[in-house]
*Asks:* 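Before we start, here is the structure in question, set down as structure tokens.
Atoms within each ligand, like the ligands themselves, are counted from 1 in listed order. Each residue takes its place number in the sequence, starting with 1.
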Amino acid sequence: MASDLVADVVVVGGGLAGHCAALAAAEVGAEVLILEKQPAVGGSTVLSGGYFAFAGTAEQAARGVIDSNELLFRDLRDVGEHRNDPALLQAYVDRHSTPTAG
Ligand SMILES: Cc1cc2nc3c(=O)[nH]c(=O)nc-3n(C[C@H](O)[C@H](O)[C@H](O)COP(=O)(O)OP(=O)(O)OC[C@H]3O[C@@H](n4cnc5c(N)ncnc54)[C@H](O)[C@@H]3O)c2cc1C
């Protein structure tokens with residue numbers, strides 16, 4: 001299928017990651033094109049339960065829950081049956097968790 005569409009940024013995949021990338025590019029003025037292979041956007045994102053995995057949050061502390069980035073990393077490795085990428089997981093844990101005495 002030929003197309004003469006032109007954009008500053010082309011995002012392949014219209015799930016959460018693609019939409020975040022597209023939004024970030026649009027926010028700095030880029031004209032963005034999202035390409036989605038399915039008839040509708042959403043991907044597995046629309047199936048998500050909407051839960052977030054964090055460690056050392058204020059909510060946990062208020063309830064006396066002892067947690068740490070190390071426990072979160074181990075838990076997510078187990079949930080992913082150790083098929084997940086440890087480097088990516090570590091980046092997630094480092095970036096999204098609150099530093100704790102652990
Ligand atoms: C049942 C279920 C429950 C879940 N619950 C949770 C939860 O509670 N908490 C949580 O954090 N995570 C949850 N997840 C995981 C989470 O939904 C995914 O990790 C996340 O949505 C992935 O987002 P994504 O943008 O990377 O991929 P996707 O949302 O899958 O988007 C990828 C998109 O790219 C498209 N695509 C792929 N290849 C091409 C191509 N060549 N050309 C064009 N388009 C293409 C796909 O069709 C799709 O639309 C759950 C997943 C499932 C399946």
*Asks:* Output, in order, the C-alpha distance, side-chain angles, deciding distance and verdict of side chain to side chain contact (heavy atoms under 4.5 Å, CB included) for V11 and V32.
*Replies:* CA-CA 7 Å; V11 175; V32 185; 4.0 Å; yes

*Asks:* If you take all heavy atoms of R77 and N84, which pair is closest and at what distance?
*Replies:*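 R77 and N84 have their closest heavy atoms at NH1-O, 2.6 Å.
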
*Asks:* Work out which heavy atom in A53 is nearest to a heavy atom in L76; give both atom names and the distance.
*Replies:*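 In this case the closest contact between A53 and L76 is CB-CD2, 4.2 Å.
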
*Asks:* Are any non-hydrogen side-chain atoms of F73 and P86 less than 4.5 angstrom apart?
*Replies:*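 Answer yes - side chains close enough.
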
*Asks:* Show every donor-acceptor pair shorter than 3.5 Å between a side-chain atom in residues 14-28 and any protein atom, with sequence neighbours excluded, or say none if there are none.
*Replies:*
residue: H19; atom: ND1; partner: G14; partner atom: O; Å: 3.2
residue: H19; atom: ND1; partner: G15; partner atom: O; Å: 2.8

*Asks:* Could you pull out the closest heavy-atom pair between Q38 and E36, with the gap in Å?
*Replies:*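 Taking every non-hydrogen atom into account, N-OE2, 2.8 Å.
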
*Asks:* Tell me, which residues have any heavy atom less than 4.0 Å from some atom of ligand 1?
*Replies:*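 Within 4.0 Å of ligand 1, the protein residues are V12, G13, G14, G15, L16, A17, L35, E36, K37, Q38, G42, G43, S44, T45, L47, S48, G49, G50, Y51.
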
